[in-house]
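Right, one structure below, let's go through it.
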Amino acid sequence: MLSPQTIAIIKSTVPVLEVHGKAITTRFYEMMFASHPELLNIFNHANQKQGRQQTALANAVYAAAAHIDNLEAILPAVKQIAHKHRSLGIKPEHYPIVGENLLAAIKDVLGDAATDEIINAWAEAYGVIADAFISVEEGMYREAEAAEGGWRDFRDFVVVKKGKESAVVTSFYLKPKDGGPLPPFQPGQYISVKMTVPGETHTHIRQYSLSDSPGKEYYRISVKREDGGEEKPAGIVSCYLHSHVQEGDILQISAPAGDFILDTEADTPVVLLSGGVGLTPLVSMLQTLAQRQPKRPVTFIHAARNSLTHAMKEQVTELARRHENVRSYVLYSEPTEEDRKLGGFDKEGHVDLPLLQSLLPDNRADFYFCGPVPFMKTVYRALQEWGVPHERIHYEFFGPMGSLNE
Ligand code: HEM
């Protein structure tokens, strides 16, 4: 239990740290990787370079500290992060390393303003926050291990099939190398892939949504090749997977994780919205709905640039054709001349509120969405404007969580 005095110090310093949030966490990462370079095997270097992870970690620590006397209130956020940590293989012994370096960074950035009293209060508070994460994560590790065919950390999988889904997306079908059973997963969940890429000093871990329905004898992931551009470096893992990983190769996979999951108990209409490769968890949901809830109305709305980048087109069209409850609607933002001649899409443009209102009888549905950040923001705002209640809005960010309200 923290003393009322410690709680008061924490609450009064949260706004100060928030102002310096990014400076502190940037310094924190510099110091931590200098003293513990082995952690570069776990952290995503691309996220570090783009500064996205700095913001995510800072926000989470301050949000937790602001609720230090009632961490229960932020349990859903803790669980979401814990899912990510569990899929990455974060261990209790990692927490003191983060704690020590975070405190050192606070001291470094704030200088004399960070008195011993303040630092001691934050050390105590960090201990409480870390314990909360460790215990939630331990529960998740146990659950992953206890599932039939389950496992705790990483397990070797064989790529049994590799198949192109579009000019930029390729699917990998994965079966356990040990020949053992595969635990079920919930549609919408992801796995982590840990890769050793020749020429790279450290291993890389990336999360990919499972893109097929549960209950098959394989897991399927569908990966977009990130070629990079002026502002973005090329994706080391996605490019390696596309260019070098072949059928018969082994990938290290962690057990399915994540709380962006389809509620298959409900019978409300469902709207699945995706932009680009964000369709992968939604295709898993769509297939599950078609198999398990043949009477539940499903509207699958997908936005792609054009037919060249439109992944899984045949699978979705076929599902909509075979299942009366499923309706598919496709938007292209930049249709090719060929697309214009041949059709194969419903509308040119983007997803917005007028489109949703024209396609759906009303806002009484569960909305699930995933895609690039601008797409997520537009959809989120449209749903809010339409008065869709918070509990009917479900979404997943690619990479570090961001805010949809910015
Ligand atoms: C991801 C918070 C401790 C390693 C994240 C994210 C948050 C976060 C908010 C982003 C989640 C998402 O994008 O879904 C925290 C907090 C911690 C903590 C509040 C302490 C109380 C740790 C520790 C480690 C760690 C001890 C391991 C040394 C990671 C990694 C990621 C991550 C590797 C994935 C993102 C990336 O690679 O860029 N954490 N974390 N975290 N965390 Fe933590």
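All figures in this text were calculated on a predicted structure; none of them were measured in a lab. Counting starts at 1 for both ligands and their atoms, in listed order.
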#### Entry: Steps toward ring-ring contact (aromatic ring centres under 6.0 Å, His included) verdict (F185, Y219)
CA-CA 10 Å; F185 65 92; Y219 285 160; 5.6 Å; yes

### Message
Set out, in order, the CA-CA distance, both residues' side-chain angles and the distance that settles side chain to side chain contact (heavy atoms under 4.5 Å, CB included) for L103 and F28, then state yes or no.
### Response
CA-CA 8 Å; L103 289 178; F28 151 71; over 6 Å; no

### Task
Of all the heavy-atom pairs spanning K224 and S238, show the shortest one and how long it is.
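Minimum heavy-atom separation between K224 and S238: O-CB, 3.2 Å.
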
### Closest heavy-atom pair and its distance - G188, P281
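Shortest heavy-atom contact: CA-CB, 3.9 Å.
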
### Query
Would you say the side-chain atoms of R225 and S243 include a donor-acceptor pair closer than 3.5 Å?
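No, because no side-chain N or O of R225 sits under 3.5 Å from a partner of the opposite role on S243.
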
For [atom], the option (of [options]) bearing the nearest heavy atom:
{"atom": "atom 4 (C) of ligand 1", "options": "F43, Y62, Y95, Y126", "value": "F43"}
{"atom": "atom 30 (C) of ligand 1", "options": "L88, L39, V61, I134", "value": "L88"}
{"atom": "atom 22 (C) of ligand 1", "options": "Q207, E93, H85", "value": "H85"}

By number and element, which atoms of ligand 1 are closer than 4.0 Å to a non-hydrogen atom of [X]?
{"X": "A60", "answer": "2 (C), 9 (C), 19 (C)"}
{"X": "F133", "answer": "19 (C), 21 (C)"}
{"X": "I129", "answer": "21 (C)"}

### Task
May I have the step-by-step check of salt bridge (Lys or Arg N to Asp or Glu O under 4.0 Å) for K11 and D69, ending in yes or no?
CA-CA 10 Å; K11 291 205 165 185; D69 47 352; 3.1 Å; yes

### Task
Look only at interatomic distance and state if K84 has a nitrogen or oxygen under 3.5 Å from any nitrogen or oxygen of ligand 1.
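Yes, since at least one N or O of K84 sits under 3.5 Å from an N or O of ligand 1.
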
### Message
Below 4.0 Å, non-hydrogen atoms only: which portion of I90 touches ligand 1? Side chain, backbone, both or neither.
### Response
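Side chain only.
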
